[in-house]
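Here the structure comes first, spelled out in structure tokens, and everything after it is commentary.
Here the structure is a predicted model, which means the values were calculated and not measured. Each chain gets a letter, A, B and so on, in the order its sequence line appears, and its residues count up from 1.
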Amino acid sequence: MAPILDIKGLSKNYGSTEILKDINVSIEPGDFLVLVGPSGCGKSTLLNCIAGLEPISGGTLAIGGQDMTHVSPKDRDIAMVFQSYALYPTMTVAKNITFGMKVRGVDKAEQAEKLQKVAAQLQIEQLLNRKPSQLSGGQRQRVAMGRALVRDPKLFLFDEPLSNLDAKLRVEMRTEIKSLHQNLGASMIYVTHDQIEAMTLATKIVVMKGGVIQQVGTPAEIYSTPANMFVADFMGSPAMNLIPARTRANGSGTIVEIAQAGADPIVLTEKRSIALPEDVVLGVRPEDIVETGLHNGGSNALQKADCMIDIVEPAGADTFVVTQLGGKQVTARLSAETKARAGERSNLAFDLSRVSYFSPENGLRLNES
Amino acid sequence: MTDASLTNTTALYQASPQRQLVKTVLRVLLYILLIAFALFYLAPLFVMVTTSLKSLEEIRTGDLISLPREVTFDAWATAWSSACTGIQCDGVKPYFWNSVLIAVPAVLLSTLIGAVNGYVVAQWRFPGANIFFALMLFGCFIPFQVVLLPMARMLGLMGIAGSIPGLIFVHVIYGLGFTTLFFRNYYVTIPSELTKAAKVDGAGFFRIFFSIFLPLSLPIIVVTVIWQFTQIWNDFLFGVSFSQAGTQPITVALNNIVNSTTGVKEYNVDMAAAIIAGLPTLLVYVVAGKYFIRGLTAGSVKG
Ligand SMILES: Nc1ncnc2c1ncn2[C@@H]1O[C@H](COP(=O)(O)OP(=O)(O)O)[C@@H](O)[C@H]1O
Ligand SMILES: [Mg+2]
């Protein structure tokens, strides 16, 4: 089966400014693709290009196997939910939802039937006669979703649909969108700057920065094998620790040395055979630093490191402790019953089997070299 | 702590009867000033209305600001249907209808075209849109005297010189700068995502305009209509330059009535004619003034 969306070599300029560079993305039917990146990296622009709302400057774009590069938005078989919801202010909720069908000349009975179905699905039946100005933020969001759902398109496009909601509602709607995706089996592209939203919703993530795709992969791939230091830092909360270190060869493995202020350097042994340059940046997720002596399953990849604890931050289920390694603040996610105290040294251990190495020059991941 | 601050505030209130007094005095002064200004501005209207209701005899013998001893509408009747505007003596009636025939279509057309222009400039950013808009704006500031001769030539070439359609054309053209500006400034406050959503929904250029933008536009339509109506109804220069006998607007007729009387000046008729000429704009303000203020201040769309 042809991919639902296939973008090849897409570029987009505004005048002489290059906004998107050589974008290649394809998604399969049923995929939930999340475009994630910091504000201003070109996510909305890419989504608008996919929708046909912005002409593209180079490359091709196919939807459902058909070339759509120069096709107008109404003929692309897509539906879009906008960040500001973009509800038609003078129309009632019902009219907002049926406007597209009215424009397309769908007959009245069918319009009414589809409206009822979508209204029931989103539990907005009692709002149908209200104007958008009489709705709360969450209700507007639902109506905007309804307007998209009623189209039953090949591809749904969402541009930061939850970013205007308060934190609690955002989590609720996130779950709802996820179950909607599972129930409909529809293909969706979802733009967000929130990496947690990306991790929780996506079947496939595209990380962007400055108009360039940094990495494409499943949430697990993006999380455990980030392609470069930007992705490592951007995805995950707290962020992956990026610690400058020096290496030297030692038999079959490699010795990794991390400088520590006022104490001997930490010496670790990388047993995987990875060709590493002398200077590297060690990428360690906070949960891959543990406290020795507290249920760490006796993993033989764990290597001890004696560290000075600067800050202890209890956060309910976990406790975050911050130490200083290689001139950088390093955060470890420890269990709540940790014995670490601020201002005291503590026995931490690194899970070396899950560590990433990056080149300090170009930021790229070195593990596969 | 709370108690202390509470007593403090009470003390403050009690300790300042002088301050209270100063405040009252200032307020009274303010009202006196406002009333004085209002009287100053209303005085001419008062004189016009009272004079128009007096007989010529009373005007000659009486006081300018006294109320009429005997109210008579004779001057109004004369002004409306038998005052002389040169050799003709039909009053302002035919000219009043000329003005209506010019102003109503010109206002409607310039408002509608201005709305479409503003919609295009604000929401359909075509290449060169900024230059187009800058040129339209420039059109607002061209002194009318500059365009009189070229316009006369133009109307001649189009074969509508001296006709009512000719005057409508002139007023529409010269109103477009302002009407476009009004609508453009109103429509730029509407998020472009609204247009995008409608495009995805399958709506085209005019569908989006008529279904989404026009229904949002009542406040700015009112502003534009008031502005355009006042401009066109009160216009004298174009009216006197591009009309001929039979198509002159009321402003030209008023001038002729006032200037062409021989012998005794009929002030009461002049005043009545002037009030008749001014009534429609007054009416428009009274009916739509509330929206005028609202339209000038409101703009953004919530929702
Ligand atoms: N119409 C436009 N003209 C010029 N530059 C634009 C235009 N729209 C967006 N940009 C620029 O493109 C970049 C990407 O914008 P956008 O796609 O909205 O980012 P994101 O959605 O990722 O926050 C930004 O730097 C923005 O300034
Ligand atoms: Mg955006």
- Message: Under 4.5 Å from any heavy atom of chain B, what part of A/K95 do you find: side chain, backbone, both or neither?
- Response: neither
- Query: Using non-hydrogen atoms only, which part of A/A79 is less than 4.5 Å away from chain B: side chain, backbone, both, or neither?
  - Reply: backbone
- In terms of heavy-atom proximity below 4.5 Å to chain A, should B/S211 be classed as side chain, backbone, both, or neither? both
- Query: Does the distance from a Lys or Arg side-chain N to an Asp or Glu carboxylate O, for A/E172 and A/K168, drop under 4.0 Å?
  - Reply: yes
- Query: Under a 4.5 Å cut-off applied to non-hydrogen side-chain atoms, are B/T230 and B/V284 in contact?
  - Reply: no
- Task: Can you tell which part of A/M101 gets under 4.5 Å to a heavy atom of chain B, answering side chain, backbone, both or neither?
- Result: neither
- Item | Selection from A/K131, A/R76, A/Q134, A/R147 maximising heavy-atom pairs under 4.5 Å formed with chain B | A/R147
- Query: Picking from B/R207, B/K196, B/K199, which has the most non-hydrogen pairs under 4.5 angstrom with chain A?
  - Reply: B/K196
- Query: Is the charged tip of A/K12 near the ring of A/Y14: under 6.0 Å from the six-membered ring centre and within 45° of its axis?
  - Reply: yes
- Query: Relative to chain B, which segment of A/N48 carries a heavy atom at a distance below 4.5 Å: side chain, backbone, both, or neither?
  - Reply: side chain
- Is the closest side-chain donor-acceptor distance between A/E18 and A/S11 under 3.5 Å? no
- Message: With no hydrogens and no angle check, just 3.5 Å: does a side-chain donor-acceptor pair link A/Y88 and B/D201?
- Response: yes
- Query: In terms of side-chain heavy atoms, does A/T192 have a donor or acceptor partner in A/D194 at a distance below 3.5 Å?
  - Reply: no
